[in-house]
Amino acid sequence: MAVGKKEENMAVEIVKPRIDKRDYRRIVLQNNLEILLISDPETDKCAASMNVCVGAFSDPEGLEGLAHFLEHMLFYASEKYPVEDSYSKYITENGGSTNAFTSSEDTNYYFEVNADGFKEALDRFAQFFIKPLMSADATTREIKAVDSEHQKNLLSDPWRMNQLQKHLSAENHPYHKFSTGSWDTLEVRPKERGIDTRQELLKFYSENYSANLMHLVVYSKDSLDKVEQLVRGKFQDIRNIDRNQIHFTGQPCTTEHLQILVRAVPIKQGHKLKIIWPITPGIHHYKEGPCRYLGHLIGHEGEGSLFYVLKKLGWATSLSAGESDWTNEFSFFKVAIDLTDAGQDHFEDIMGLLFKYIHLLQHAGASKWIFEELSAICETAFHYQDKIRPSDYVVNVAMNMQHYPPEDWLVASSLPSKFNPSVIQSFLNELNPDNVRIFWESTKFEGNTSMTEPWYGTAYSKEKVGGDSIKHWMEHAPSEELHLPAPNVFVPTDLSLKPVFEKTKVPILLRKSPYSRLWYKPDTAFSSPKAYAMIDFSCPYCGHSPEAEVLTEIFTRLLMDYLNEYAYNAQVAGLYYDISKTNSGFQLTLFGYNDKLRVLLEAVVEKIAKFEVKPDRFSVIKELVTKQYQNFKFQQPYQQVMYYCSLLLKDKTWPWNEELEVLPNLKVDDLVKFYPLLLARSFMECYVAGNVEQAEAESMIQLIEDVFFKGPQPISKPLFASQHLTNRVVNLERGVNYFYAAEGLNPSDENSALVHYIQVHQDDFMLNVKLQLFALIAKQPAFHQLRSVEQLGYITVLMQRSDSGVHGVQFIVQSTAKDPKYIDSRVELFLKMFESKLYEMTTDEFKNNVNALIDMKLEKHKNLREESRFYWREISDGTLKFDRRDREIDALKQLTQKELTDFFDEYIKVGVPRKKALSVRVYGSSHSSQFQEHKNEQIEPNAVQIEEIFSFRRSRPLYSSFKGGFGHVRL
């Protein structure tokens, strides 16, 4: 089917949220490129996203990953801007970011940038689709980057299991394909068949990248008229060959691929069950919302739900349900259940209960009141949605444009509004035993499988499971009472905005007592009926041993577990909560519509105060925590080096292996005895913000104080002056290059990794901006040299690091190509190369970089959660510099170019006497021989090998702590 000429002047009123002040306009260029223009005078960042309706399904036979490879290649250079990587360099130097992704039927490219740099950034971006250069040299190098990306995914269970589901589908359907690409698919195999990958790449671009298959979203600070003029000039030269949009008709699963039970062996410890049905794509009924309705009920966690019953029986720890992997032609409905060890032994019962619940829904018929409640929740969520990053926003909308009529580009499927029982029933009827695909993952299947998936090597076995078996499971399933949910008491009814009498720009210290300190910040920017509350319990007993750490973890998990069936409804209605362990105790976070926030807070506080240990739930949570610790060794190597780096630098932190070692011996009675000790003495650091009046905020904290500290037998007492906890960080020695080497925790992982950390200073405005400016200027050159040119690894990044107000910069690289010591030497060589670039920087370049950083600091918070997290960081670090951005802008305005180069020469330059460096190296299995060799090598001058982490930590002085406790805050 050809894509017809789009109506250029079609007047469309685009449905937008009530509180959305942005303006929107749809235009179509002469080349048939359809564009949505967005004008937001309040934005600090501008953005664009181009969605090309061609993806991995279009890969030619025998060139798996070509569409993804092309996505990589377009970033290199263009005829108008021929300098390699100059696009990414420009984006970075103008305070922005850029990326792309390839899906089944789409490839999406996007960026965001400071407003001043937007015009040129847009021109550079347009060249991707006008005249890109794909040199032979860059082609060969970037195949290695694609391969490195694939190597990163080889031991990732989500990637492995997703490919297994594809593998067990019709071979003549593109869903069956492997889509990432690798050295094998893009270099080795094509060469063996005499195919030139670069020529195929150019051909693929030429035949598929046509303006009529593209949708562009442009997000600008300017008026619609001005941005329209800009866009017409930049994008009209994209050629239009009126390419037919490819429709991949037919179903990926034939009868051969239905009614199957697949047992698969994952990498990580644990058991998962995925029950999948091919269904009619929900997009065809997006206003009726059948998949959202069914996902809401099958995935519900309140009383009477499937999950409630499975949890009560001790068989499951999580359950989700909904549509996934959809196109216009096919779709799947998926139920995913995380099983306990006991649940693993009750597979048939669980399957029986699932189908019993589906039968209950079929018998009950579609419920009008449930649909209307869900519709009301969705409507409130749409109309009061938070602003998000412009780049995220344009990607979402660009992806919607090919599927929905223009008036629904912003709404998409988020507003089910037409109750249609027959549509819901028809979808429900598709969730039947004849149509099912069951994927059951467990390490217990190791050694009992007979087949191997070819791309990732996943071991599996497959058998047929008929309707009679499922009927038998249903008949013999436990006779638990499954029923539909009751009305949701947390649906907000009062969305009015509270008056703000004092428009404070930063948090104020509203209240302090021996038990707590309350920081308060009313909403002066977002006009949103939402609130954010953070209550951090500082409990000295929490961190005194590995056992105490683990028991605190189990305590917080149990609290979340106990609250779930009650508070799940709050989350459905847009009121979220979390209780989590911290290094110094635990914290409670509440965020969402303020209307019922106090009700939820009271319920949570009561659960903490009246905490009891239920032996059956203790066993389940202990098992869950144990598996998470056991799975630590399957983390990516780059995550392992960052973990070791934190362990080396942060005082009073315990290693994961010690915590895993104490876990098996912990009993119910240990937690029973621990809980009163944990809360025996505590202090609450509190932050309340948003649509909350001062008196309400004070009343919330007074409530908690009354429950914990008041009364005849208080649960808690205030901390002694000596007990206030601090955040201390190791102070590395000047002029020394420390290094710590370890073998990767997973012997099957070939990837090695390096973090090269340079510690600079403790929080100081002028030093902060010097470090930030260096990182901004060096970020893209580092990526270009270490990844694009040298191809050391797909994960290659230079970024700032901050530990409780101690600042530095770190290079992170993960690689199968080279060992960590070699990568370390390349990082140092890059810094030597970068010296000349820094010294030769022109005055204009310096000013542009300074202005870009100032623009980044002037960027307003987009929503309440983002603002709250910014201020909470100041509170939790103890720095309390709420006006940090303004003060750092003042410092930047005074900064000279010579001061920046002097800073580099003193703190960053290789070999300087004041430099403090730490390299953490993790050796993957492909570099195990180098690990042994390097251990026995002569250590270079000024280098110190760290043999044992805790001996090193004890041997070094610590930075002073900004966080000194109540009344002793360092300002």
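Computation of the quantities below employed the complete heavy-atom set of this structure, encompassing side-chain atoms and omitting hydrogens, waters and symmetry-equivalent molecules. Computed from a predicted structure; not experimentally measured.
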Is the shortest distance from a Lys or Arg side-chain nitrogen in [X] or [Y] to a carboxylate oxygen in the other one below 4.0 Å?
X	Y	answer
R557	D561	no
D523	K530	no
K614	D616	no
R598	E696	no
K287	D408	yes
K418	E288	no
R18	E379	yes
R617	E612	no
K387	D40	yes
E42	K221	no

Could you walk me through whether T552 and C542 pass the side chain to side chain contact (heavy atoms under 4.5 Å, CB included) check?
-> CA-CA 6 Å; T552 307; C542 154; 3.8 Å; yes
Result of checking L273, I337, L354 against L319 for side-chain contact (heavy atoms from CB on, under 4.5 Å) =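 Exactly one candidate clears the test, I337.
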Does the side chain to side chain donor-acceptor pair (under 3.5 Å) test come out yes or no for E867 and N863, once each step is laid out?
-> CA-CA 6 Å; E867 179 190 78; N863 55 60; over 6 Å; no
Begin with the C-alpha distance, continue with both residues' side-chain angles, and end with the deciding distance and a verdict on side chain to side chain donor-acceptor pair (under 3.5 Å) for T879 and D877.
-> CA-CA 5 Å; T879 42; D877 282 351; 4.8 Å; no
Above 12 or not: heavy atoms from other molecules or residues under 6.0 Å from [atom1] of [X]?
X	atom1	answer
K272	NZ	no
H861	NE2	yes
K21	NZ	no

On the 0 to 90° scale, with breaks at 30° and 60°, tag the F333-W277 ring pair as parallel, tilted or perpendicular.
->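 Tilted.
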Look at the aromatic rings of H300 and H296 and report parallel, tilted or perpendicular, splitting at 30° and 60°.
->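 Taking H296 first and then H300, their aromatic rings stand perpendicular (interplane angle over 60°).
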Heavy-atom closest pair, residues L482 and S305 |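 Minimum heavy-atom contact is CD2-O, 3.8 Å.
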Taking all heavy atoms of W369 and all of A486, pick out the closest pair and write down the distance.
->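 Looking at all heavy atoms of both residues, the shortest contact is CH2-C, 3.6 Å.
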Kindly indicate, with the supporting measurements, whether the criterion side chain to side chain donor-acceptor pair (under 3.5 Å) is fulfilled by R22 and T43.
-> CA-CA 10 Å; R22 295 169 289 205; T43 192; over 6 Å; no
Determine, step by step, whether K862 and D386 satisfy the side chain to side chain contact (heavy atoms under 4.5 Å, CB included) criterion, reporting the C-alpha distance in whole Å, the side-chain angles of both residues, the deciding distance to 0.1 Å, and the verdict.
-> CA-CA 8 Å; K862 286 171 284 300; D386 291 337; over 6 Å; no
Under 4.5 Å between any side-chain heavy atoms of [X] and [Y], yes or no?
X	Y	answer
Y110	N108	yes
P281	T327	no
I424	N420	no

Do R865 and F870 meet the cation-pi criteria used here (NZ or CZ under 6.0 Å from the six-membered ring centre, within 45° of the axis)?
->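 That pair does not qualify as a cation-pi contact.
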For the pair L518 and V688, evaluate side chain to side chain contact (heavy atoms under 4.5 Å, CB included) and give the outcome as yes or no after the intermediate values.
-> CA-CA 7 Å; L518 169 61; V688 177; 3.8 Å; yes
Got a donor-acceptor contact below 3.5 angstrom from the S375 side chain to the P416 backbone?
->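 Here the side-chain-to-backbone pair exists.
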Check for a donor-acceptor pair, side chain of N569 on one end and backbone N or O of N488 on the other, with a separation under 3.5 Å.
->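 Here the side-chain-to-backbone pair does not exist.
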Are [X] and [Y] near enough that their ring centres are under 6.0 Å apart?
X	Y	result
H215	W409	no
Y515	F683	no
F490	Y566	yes
F427	Y293	no

Kindly determine whether R511 and E705 satisfy salt bridge (Lys or Arg N to Asp or Glu O under 4.0 Å), including the steps that lead there.
-> CA-CA 12 Å; R511 179 181 187 277; E705 282 192 7; 2.9 Å; yes
Pair K311-E565, salt bridge (Lys or Arg N to Asp or Glu O under 4.0 Å): steps then yes or no | CA-CA 10 Å; K311 182 185 155 192; E565 45 265 24; 3.0 Å; yes
Which of these passes salt bridge (charged side-chain N to carboxylate O under 4.0 Å, His left out) with E874: K881, R884, K521?
->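 Among K881, R884, K521, the one meeting salt bridge (charged side-chain N to carboxylate O under 4.0 Å, His left out) with E874 is R884.
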Side chain to side chain donor-acceptor pair (under 3.5 Å) between S716 and S682, worked out | CA-CA 6 Å; S716 195; S682 64; 2.8 Å; yes
Positive for ring-ring contact (aromatic ring centres under 6.0 Å, His included) with W519, one of W872, Y687, Y871, F882 |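 For W519, the ring-ring contact (aromatic ring centres under 6.0 Å, His included) check succeeds only for F882.
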